[in-house]
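Quick notes on the structure that follows.
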Amino acid sequence: MKFKFSSFEVDDGMLHSAAVITAATFSCLMSGFVLQNIWRKYIVRQRIKRRREESKLSIQKMGDYLMQHGLSVDKRNIILDMPMAELQRKLQNGSLKALDVLRAYQSKAIEVTKDLNCVVEPIWEAEEQAIACDFMTGKKSPLHGIPVSLKENYHVQGYDSTGGMAKFIDCPQPDDNVIVKTLKEQGAIPFMRTNLPQTMMVYESSNPIYGETRNPHDPKRGPGGSSSGEGCLIGAGGSVLGFGTDIGGSLRIPAHMCGVCCLKPTVGRISTEGTHEVHKGATLVPGATGPLSRDVDGLVLAMKSLLVSHMFELDRSVPPIPFRPEIYEDHRPLRIGYFHDIGYMPSVPACERGVREVREILEKNGHTLIEFKVPRVDKALELFAQCVFGDGCKTFTDALKYDVVDPSFKLTYFLIHQAPEWLKRVAGFFYRTVGHDPIPKKVLVAAAGIKSVSKWWGVVEDLQAYRKKFEMEMRANKLDAIISPGFAYAAIPLGKAFLTVGAVAYTNLYNVINYPAGSLPVTKVTEEDEKLLENYPTKTLYAKNIKKLSKGSVGLPINVQFVAPPYQEELVLRLMKEVETSIKLGERHS
Ligand SMILES: CCCCCCCCCCCCCCCCCCCCCC(=O)NCCO
């Protein structure tokens with residue numbers, strides 16, 4: 001048979017050859033594509049393996065070095081037991097050497113990371129800095145000789161900031177970030193870099209490069225995240241002061257689960273320049289940087305040392321507001337709002353008791369406590385998802401292309417980041433009908449992305465309106481501050497955060513409204529709390545999971561959050577210090 005195409009003729013033999021050539025080209029392209037994918041994934045795995053080995057080797061080398069140059073156990077323990085104020089005083093008056101303090105904390109950090117895997121690598125330059133401190137004469141800076149640990153996403157010259165993602169391995173940072181530079185200028189010694197979950201947008205603690213960090217109070221449980229390594233290292237006594245980041249609770253969740261203090265400042269109060277975030281462009285609910293510490297004095301010292309002309313000069317977007325002692329040291333009685341239940345899922349009995357006990361302390365100290373109802377928590381959650389996943393999660397999926405997805409992140413990644421909109425709607429339907437919970441659908445649809453600029457502007461208006469509503473509620477009650485649960489529950493078994501993720505409402509509320517929020521350990525889960533857990537209401541799927549996963553948590557730490565209007569960090573710290581002091585006095589008298 002012959003076909004005639006205008007000026008030339010084609011027989012079926014030619015047609016057959018054309019089809020064969022097309023099919024061959026197509027299968028070549030396809031296999032090329034598949035092979036390229038396999039190759040890229042292979043390269044990524046090799047890179048991850050090499051980086052992990054380098055990290056382990058560096059930690060081991062530090063351990064070996066300390067065996068030869070370490071302190072005696074007694075001397076080390078005396079240093080490790082010192083609260084921040086005493087440590088600072090002794091470094092200032094020269095009765096402690098910076099090198100001894102560094103060695104004490106290096107050796108404790110290396111010791112605890114063996115079981116807990118909280119350190120990703122030591123910062124080797126610390127030693128030289130400590131020696132320089134000890135040779136210094138003249139007036140000492142406020143952080144003189146104090147070792148500080150840093151979450152891995154803080155840029156440190158010469159080190160990678162991977163955020164647990166292979167794509168960023170072998171990209172050493174050209175410079176220290178603004179906070180690190182200011183800390184060094186103030187005499188601090190960055191000495192350890194700490195672990196985080198892949199992408200930092202979960203409150204788990206694992207990534208394929210550095211592995212999984214465990215809770216210092218129960219290694220079968222998670223330390224919270226995403227400043228997981230910081231919470232764990234400070235909670236285990238391996239650091240006295242550290243720094244992390246927080247977009248939805250990443251400072252406060254690990255602080256609560258590991259029993260340490262932290263402060264998430266108002267975004268803008270201190271510099272956020274030079275931290276690795278996957279979606280830096282999502283500026284409506286941006287990441288905050290902030291300190292974690294063993295005690296409130298550590299947070300105060302950190303803020304005083306950062307709020308100085310050096311930082312204001314390095315990052316001119318930061319308003320030059322120094323630390324205001326007149327607010328921190330004020331004794332005026334305040335009106336403080338409180339809640340136990342955010343209006344989505346109740347907090348477990350131990351967290352509720354934590355707030356109740358802090359309320360009693362504050363009332364005894366002369367403050368007025370008023371019950372506060374959080375306006376429309378569903379709206380706050382929806383706004384959070386719209387603002388951080390507004391691009392339909394494209395920045396996240398791009399960052400993880402060819403990467404190994406961590407098991408602890410797989411379900412979140414699939415459902416929030418990768419699933420097409422129709423599947424998100426089906427999952428939302430499941431949560432609403434089987435889980436008796438309409439909120440996940442809103443969040444999942446939001447994570448499918450904002451479809452146009454005018455819709456994006458609508459989100460901006462909604463966010464402004466929500467912030468105003470919150471402010472008006474506080475004004476209506478004449479509130480100076482708020483206290484609320486540190487989180488909905490204490491630490492749960494590793495890898496289970498996905499099953500309870502709605503609890504993030506307890507922390508990300510303050511990111512949505514951009515209020516400073518501190519977290520303070522106030523109690524521990526008791527047998528009585530565990531008994532009361534039996535009556536925990538389980539209306540939604542998340543609440544059921546919380547009840548199940550909270551069992552067996554006796555002895556775990558419980559924090560309370562302290563919150564004030566934007567730029568009132570000193571007020572937050574004042575209240576935290578007041579409660580910390582009362583708790584310590586109470587412990588001494590009992
Ligand atoms: C993943 C579950 C899918 C179902 C959706 C349920 C929605 C229920 C409400 C939860 C809304 C938020 C979901 C997103 C999870 C984000 C968790 C954020 C943890 C902290 C992140 C952070 O602060 N990172 C700091 C980075 O520097």
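This chain uses plain numbering: 1 for the first residue, then up along the sequence. Both counts, for ligands and for their atoms, begin at 1 and track the order of listing.
The ring of Tyr542 has its center closer than 6.0 angstrom to the ring center of Tyr431. For Phe409 and His417, the ring centers sit closer than 6.0 Å to each other.
Not counting sequence neighbours, the partners of Glu54 by the salt bridge (Lys or Arg N to Asp or Glu O under 4.0 Å) test are Arg50, Arg51. By the salt bridge (Lys or Arg N to Asp or Glu O under 4.0 Å) test, Asp403 is found to be paired with no residue, residues two or more places apart in sequence or in another chain being considered. Gln386 is linked by a side-chain hydrogen bond (donor to acceptor under 3.5 Å, both in side chains) to nothing, counting only residues two or more places apart in sequence or in another chain.
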For ligand 1, output the ligand-protein N/O contacts shorter than 3.5 angstrom; if there are none, return none.
residue  : atom   : partner : partner atom : Å
ligand 1 : 23 (O) : Ile247  : N            : 2.7
ligand 1 : 23 (O) : Gly248  : N            : 2.6
ligand 1 : 23 (O) : Gly249  : N            : 3.3
ligand 1 : 23 (O) : Ser250  : N            : 3.1
ligand 1 : 23 (O) : Ser250  : OG           : 2.7
ligand 1 : 24 (N) : Met200  : O            : 2.8
ligand 1 : 24 (N) : Ser250  : OG           : 2.7
ligand 1 : 27 (O) : Thr245  : OG1          : 2.8
ligand 1 : 27 (O) : Glu277  : OE1          : 3.0
ligand 1 : 27 (O) : Glu277  : OE2          : 2.6

*Run the side chain to side chain donor-acceptor pair (under 3.5 Å) check on Thr194 and Glu152 step by step: do they pass?*
CA-CA 5 Å; Thr194 58; Glu152 196 252 18; over 6 Å; no
